[in-house]
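All chains are named by letter (A, B, ...) in the order of the sequence lines, taking the proteins before the strands, and each is independently numbered beginning at 1.
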Amino acid sequence: MPELPEVEVLARHLAPLLTGRTIQDVEVRRPRVIRPTSERRLRSVLVGARFTALTRRGKYLLFALKPEGGQPAVSLLGHLGMTGRMYLQPADGRLAKHTAVVLCLGRENFVFEDTRYFGRLTLDVKALSALGPEPLNADFTVTGFAAALKRSAQPIKVKLLDQSVVAGVGNIYASEALFRARLSPRTAARRLAVSRVERLWNSVREVLTEAIAFGSTVPMDWGGTGGGDGLFYYGRADGSARSNSTPDSYYERLRVYDREGRPCERCGARIKRIVQSARSTFYCPRCQKM
DNA sequence: CACCATGTTCCTTG
DNA sequence: CCAAGGAACATGGT
């Protein structure tokens, strides 16, 4: 789930549910996800604090909180890693197997669940300083993008995953943006002519914008279909949203990602899968030539 | 058992 | 100092 669009949709969903609510207790079931913050410090800072805002930066969630008694505002940083989910559930509900952190809000719990525990919920905010521009904001410029790409001999697909070049693009949308721009994922970043950089700049923004718009209307099963237990889910309750063999609207809207061997929707050629920096890249060998 | 998975960080090498 | 490559992290699906 978690590239920029999914995190953005989650932030928009959670913001009104959390704002104004006060944390009454903190339960850390997997200390690794809060590091380097200690459990004691997380508790002392968060218990009694009230959510004032929730924003997104790249793939990160930024929870703004006001502690009790005039203390300075604090920021809590969240990252979903590969498999993280965040949602509210009734305080008397059963916690999911891989629940990592629970923030008790009274009648409900705010739950951070993460099967692989690659995600984060921490008071350490310094990861943000390494991030490049927000692709949908004015600080992401064609000239700045071109300048960053000029410094690298790596394939453009690999460079798109570099969060210091542009924040929030992940493995799915990197392939999708290159398909849309009709650029080969293998081209060395520094060899892209400015006209092509501009095409890619537009494609990155379009792909992300469309995914946010789509996610805001269709695929999120907030109400939960997991047996009427009243959970608020992010994603499909049965997890089927991620299988290529059980395609749903999420996968159907992707043009190349996870479509190896299937026909290109533009030209009919078979979509190819290659490995770059140990990650899969999907592209159309006919539409995306060097 | 093998390989794959939406991500980041740390370590090494050049 | 920097760019680049690879392993590690941890669990589950196919």
Side-chain angles (χ1 to χ4, degrees), chain A residues 1-10 29-36 56-61 77-86 96-100 112-122 124-132 147-177 186 188-190 204 207-208 211-212 214-215 219-220 234-236 238-261 273-282:
Chain A
M1 262 174 256
E3 294 184 32
L4 183 152
E6 292 76 26
V7 178
E8 175 66 25
V9 171
L10 177 60
R29 312 183 125 215
R30 281 284 175 154
R32 84 177 317 271
V33 308
I34 69 169
R35 65 191 174 157
R56 178 196 58 73
R57 175 80 171 93
K59 300 171 195 173
Y60 290 89
L61 289 164
L77 189 70
H79 195 292
L80 298 172
M82 301 267 268
T83 53
R85 299 165 50 162
M86 294 183 184
K97 180 179 179 187
H98 297 295
T99 296
F112 173 32
E113 175 197 341
D114 187 357
T115 305
R116 289 167 74 179
Y117 305 113
F118 287 177
R120 284 293 160 84
L121 194 62
T122 178
D124 175 33
V125 157
K126 76 170 164 291
L128 289 181
S129 61
L131 295 179
L149 298 183
K150 270 287 176 250
R151 281 178 240 127
S152 175
Q154 282 186 306
I156 183 59
K157 154 62 165 38
V158 174
K159 220 46 201 166
L160 278 177
L161 299 180
D162 184 338
Q163 302 297 296
S164 72
V165 171
V166 54
V169 176
N171 207 39
I172 292 175
Y173 296 109
S175 283
E176 294 297 313
R186 300 198 229 232
R190 63 161 60 126
V204 165
V207 159
L208 298 177
I212 291 169
F214 185 87
M220 305 308 167
Y234 179 68
R236 296 279 293 261
D238 60 6
S240 65
R242 286 184 228 303
S243 167
N244 193 26
S245 57
T246 55
D248 73 343
S249 51
Y250 176 74
Y251 270 91
E252 280 169 10
R253 103 195 133 72
L254 299 176
R255 300 266 189 270
V256 288
Y257 184 82
D258 208 15
R259 291 178 55 86
E260 181 182 17
R273 171 183 176 273
I274 58 175
V275 175
Q276 298 179 292
S277 281
R279 320 240 8 224
S280 289
T281 298
F282 300 88

What is the distance, rounded to the nearest whole Å, between atom [atom1] of [X] and atom [atom2] of [N]?
X: A:D162; N: B:dT8; atom1: CG; atom2: P; result: 10 Å
X: A:H79; N: C:dA10; atom1: NE2; atom2: P; result: 17 Å
X: A:L128; N: B:dT8; atom1: CG; atom2: P; result: 12 Å
X: A:N171; N: B:dA5; atom1: CG; atom2: P; result: 8 Å
X: A:L160; N: B:dT8; atom1: CG; atom2: P; result: 14 Å
X: A:D114; N: C:dA10; atom1: CG; atom2: P; result: 12 Å
X: A:K159; N: C:dA3; atom1: NZ; atom2: P; result: 7 Å
X: A:D258; N: C:dG13; atom1: CG; atom2: C1'; result: 13 Å

Indicate whether A:F118 forms a stack on C:dC9; treat it as stacked only if centroid distance is below 5.5 angstrom and interplanar angle below 30 degrees. yes
Selection from [options] that lies nearest to any side-chain heavy atom of [X]:
X: A:T115; options: B:dT9, C:dA10, C:dG12; value: C:dG12
X: A:K97; options: B:dC4, C:dA10, C:dG12; value: C:dG12
X: A:R30; options: B:dC4, C:dT11, B:dG7; value: C:dT11

Close side-chain approach of [X] and [Y], heavy atoms under 4.5 Å:
X: A:F282; Y: A:L254; answer: no
X: A:T115; Y: A:M82; answer: no
X: A:Q163; Y: A:K59; answer: yes
X: A:R273; Y: A:S280; answer: yes

Within 45° of the ring axis of A:Y117 and under 6.0 Å from its six-membered ring centre, is that where the NZ or CZ of A:R30 lies? yes
Could you tell me whether a side-chain N or O of A:R56 sits under 3.5 Å from a main-chain N or O of A:G58, the two making a donor and an acceptor? yes
Short question: side chain of A:Q276, backbone of A:T281 - any donor-acceptor pair under 3.5 Å? no
Using a cut-off of strictly less than 4.0 Å, decide whether [X] has a side-chain nitrogen or oxygen near OP1 or OP2 of [N].
X: A:H98; N: C:dG12; value: yes
X: A:T83; N: C:dA10; value: no
X: A:R279; N: B:dG7; value: yes

For A:A153 and for A:Y117, find the nucleotide of DNA chain C with the closest heavy atom, then tell me which residue's nucleotide is more 5'. A:A153
Determine the contact category for [X]: base if any of its heavy atoms lies under 4.0 Å from a base atom, sugar-phosphate if only primed atoms, P, OP1 or OP2 are that close, otherwise nothing.
X: A:R120; answer: nothing
X: A:S152; answer: sugar-phosphate
X: A:Y257; answer: sugar-phosphate
X: A:R190; answer: nothing

Fill in the dot-bracket string of DNA chain B, one character per base: . for unpaired, | for a pair to another strand, ( ) or [ ] for pairs within the strand, taking Watson-Crick or G-U pairs under 3.5 Å. .||||.||||||||
Which comes earlier along DNA chain B counting from the 5' end, the contact point of A:Q163 or that of A:A278, where each point is its nearest nucleotide? A:A278
Could you tell me whether the side chain of A:R151 has a donor or acceptor atom within less than 3.5 Å of a complementary atom in the base of C:dA3? no
If you look at every heavy atom in A:A100 and A:V33, which pair is closest and at what distance? CB-CG2, 3.8 Å
Using the C1' atoms only, state how far C:dG12 lies from B:dT9, rounded to an integer number of Å. 22 Å
